[in-house]
There are 2 protein chains.
Amino acid sequence: MIRQNPARRAALLDAAIEVLAREGARGLTFRAVDAQAAVPGGTTSNYFANRDGLLTQAGARIYEHLTPDAPTMAASLTGPRDRKRVAGLMHDLVGRIAGYRTGYLALLELRLEATRRPGLRAVLTEQIKANIDENVAYHLESGLPGDASAVLLLYLAMSWLIVEQLTLPDVFTETQLQELVELAVARLIPETEE
Amino acid sequence: MIRQNPARRAALLDAAIEVLAREGARGLTFRAVDAQAAVPGGTTSNYFANRDGLLTQAGARIYEHLTPDAPTMAASLTGPRDRKRVAGLMHDLVGRIAGYRTGYLALLELRLEATRRPGLRAVLTEQIKANIDENVAYHLESGLPGDASAVLLLYLAMSWLIVEQLTLPDVFTETQLQELVELAVARLIPETEE
DNA sequence: TTGACACCACTCCAGATGTAGTACTACGTT
DNA sequence: AACGTAGTACTACATCTGGAGTGGTGTCAA
């Protein structure tokens, strides 16, 4: 019989995300989740019918953590609306990801796993589309410089920069990383006239 | 005793790359490689001392396939040296990757695996650095418009575009994909004066 | 004849799964 | 207050799966 306790279910999903990042998609076993969550063996079996349920629910869960919290969002609505501001936001973004390394790595693992699981692929596709749309809409509404295309291109460049940094941190030095962020903004966002 | 036959070793590595793409890093077992290469069980055990050797050698091998062949390189040295040319090359790049889906997915799997294996990480880091340097040098020498920074930013954007397309093909439509390539070139490469 | 290799077969081992069985807790009933 | 019940937590078990490695034999070529 499937257990319902929502607190425990959430804890198991968080544990699953940790396992995903540390052991990879294939390493995500029911028993590994049990161990990570420090619950008795067999517990995860009682909460999820199969691996597919576990993976898709974990995919959904990551986005609950990945969305920046309210204060951050509010703060980003204050201050000047110029190119320098955008650069600041991009630096924040890259920094924030580094702070949630686990979640982002798990997301990459899930992307690859989605190659083999149509259900997971559908869930991720929807969430990422929504995420992109949100970013674009937010940018435009906030009056920051740069059109939708510029935001998309920034999204592409920053995404790969983050992957590079998370998986092979020695390809770019910390300095190069910062420079690339600056550079991307400088080339993609138009200068604001005073 | 470790076998030496280089043709067979190469065949095994290519099989390993297939398995990586299809089953993921964790699915890469000696037996799976045997099956993929259609050789008797136990063969891969005889050619590689351990999984680490198999993974790092596979990582090295991918780049042998990934480098564009001589005719392509030669062809890219002919023709005009303008922005439109760069766009054409970028379309080629994205298309070529789609044609070697297996190899690129395997490379992503290896990147994630590199998170856990210092040896593999070192190998990949070197190869990717070299690859980037080559690209930049080639671009500059060939007289195409755009400085080193522009090439780097193009590299970032194209890389993620490819990942997006390989893992979640429904996030961008085929049309959007082409537009994003055009857009990236248009914003990152300066117009050439006649 | 010798050395390297292909192929086959067998044993051993580790890890994962799902569930039966038992104990505990909370809550509602009488 | 005693009781019954539902939902869980926890333990332990029986089973299953697949992979690893290796020894042995046959083959080919130098």
Side-chain angles (χ1 to χ4, degrees), chain A residues 1-59 61 106 109-110 112-113 115-117 119-120, chain B residues 1-59 61 106 109-110 112-113 115-117 119-120:
Chain A
M1 160 154 219
I2 298 267
R3 306 288 143 89
Q4 299 304 335
N5 184 341
R8 202 158 232 232
R9 163 168 256 112
L12 289 175
L13 287 175
D14 286 339
I17 293 170
E18 290 291 325
V19 174
L20 269 177
R22 183 158 30 82
E23 314 273 354
R26 201 86 167 201
L28 184 75
T29 67
F30 285 44
R31 283 306 198 265
V33 175
D34 290 338
Q36 174 71 35
V39 296
T43 302
T44 308
S45 280
N46 290 329
Y47 273 84
F48 302 90
N50 47 46
R51 249 174 67 91
D52 223 273
L54 184 55
L55 282 167
T56 50
Q57 291 183 43
R61 173 97 180 140
E109 292 282 356
L110 285 177
L112 288 174
E113 189 67 15
T115 284
R116 297 153 220 143
R117 296 179 181 268
L120 179 57
Chain B
M1 156 149 225
I2 296 269
R3 306 287 143 88
Q4 300 303 335
N5 184 340
R8 202 156 233 236
R9 162 169 257 112
L12 290 175
L13 287 175
D14 286 339
I17 292 168
E18 291 291 325
V19 174
L20 267 177
R22 184 157 31 82
E23 314 273 352
R26 198 89 167 202
L28 184 76
T29 67
F30 285 53
R31 284 306 200 261
V33 175
D34 290 338
Q36 174 73 31
V39 296
T43 300
T44 308
S45 279
N46 289 331
Y47 274 84
F48 303 90
N50 48 44
R51 252 174 64 90
D52 224 89
L54 185 54
L55 282 166
T56 50
Q57 290 184 43
R61 173 96 179 141
E109 291 283 356
L110 286 177
L112 287 174
E113 190 67 15
T115 284
R116 298 155 218 139
R117 296 178 181 270
L120 180 56

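This is a predicted model, so every value here is computed, not measured. Below, chain A is the first sequence line, B the second, and so on; all start at residue 1.
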For B:Tyr47, which of B:Asn5, B:Val39, B:Val33 qualifies under side-chain contact (heavy atoms from CB on, under 4.5 Å)?
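In the set B:Asn5, B:Val39, B:Val33, the residue that makes a side-chain contact (heavy atoms from CB on, under 4.5 Å) with B:Tyr47 is B:Asn5.
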
Qualifying residue, where the test is side-chain contact (heavy atoms from CB on, under 4.5 Å) with A:Leu54 and the options are A:Leu28, A:Thr29, A:Val19
A:Leu28

Kindly give the heavy-atom pair with the smallest separation between B:Ala15 and B:Ala37, and that separation in Å.
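Looks like CB-CB, 3.6 Å.
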
Please name the pair of heavy atoms, one in B:Thr44 and one in B:Phe30, separated by the smallest distance, quoted to 0.1 Å.
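Taking every non-hydrogen atom into account, OG1-O, 3.5 Å.
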
Pairing annotation in dot-bracket form, given for DNA chain D with Watson-Crick or G-U pairs under 3.5 Å and | for cross-strand partners
||||||||||||||||||||||||||||||

Heteroatom pairs (N/O) under 3.5 angstrom, protein to nucleotides 25-30 of chain D:
none

Centre of B:Phe48's six-membered ring, under 6.0 Å away, within 45 degrees of the axis: is that where NZ or CZ of B:Arg9 sits?
yes

Does one side chain, of A:Asp34 or A:Thr43, offer a donor that lies under 3.5 Å from an acceptor on the other?
no

When you compare the side chain of [Y] with that of [X], does any pair of heavy atoms fall below 4.5 Å?
| X | Y | result |
| --- | --- | --- |
| A:Leu55 | A:Arg51 | yes |
| A:Asn46 | A:Ile2 | no |
| B:Leu120 | B:Asp52 | no |

Return a single string for nucleotides 12-21 of chain D, one symbol per nucleotide in 5' to 3' order, where B is base contact, S is sugar-phosphate-only contact and - is none, cutoff 4.0 angstrom on heavy atoms.
-------SBB

With rounding to the nearest 0.5 angstrom, report the CG to CZ distance, A:Leu12 to A:Arg61.
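Reported to 0.5 Å precision, the distance equals 10.5 Å.
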
Applying side chain to side chain donor-acceptor pair (under 3.5 Å), can you list everything that pairs with A:Arg26, at least two apart in sequence or on another chain?
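By the side chain to side chain donor-acceptor pair (under 3.5 Å) rule, A:Arg26 matches no residue at all.
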
Please identify the 5'-most and 3'-most nucleotides of DNA chain C with any atom under 4.0 angstrom from a heavy atom of chain A.
C:dA16 to C:dT19

Residue list, salt bridge (charged side-chain N to carboxylate O under 4.0 Å, His left out) with A:Arg116, at least two apart or on another chain:
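A:Glu113, B:Glu109.
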
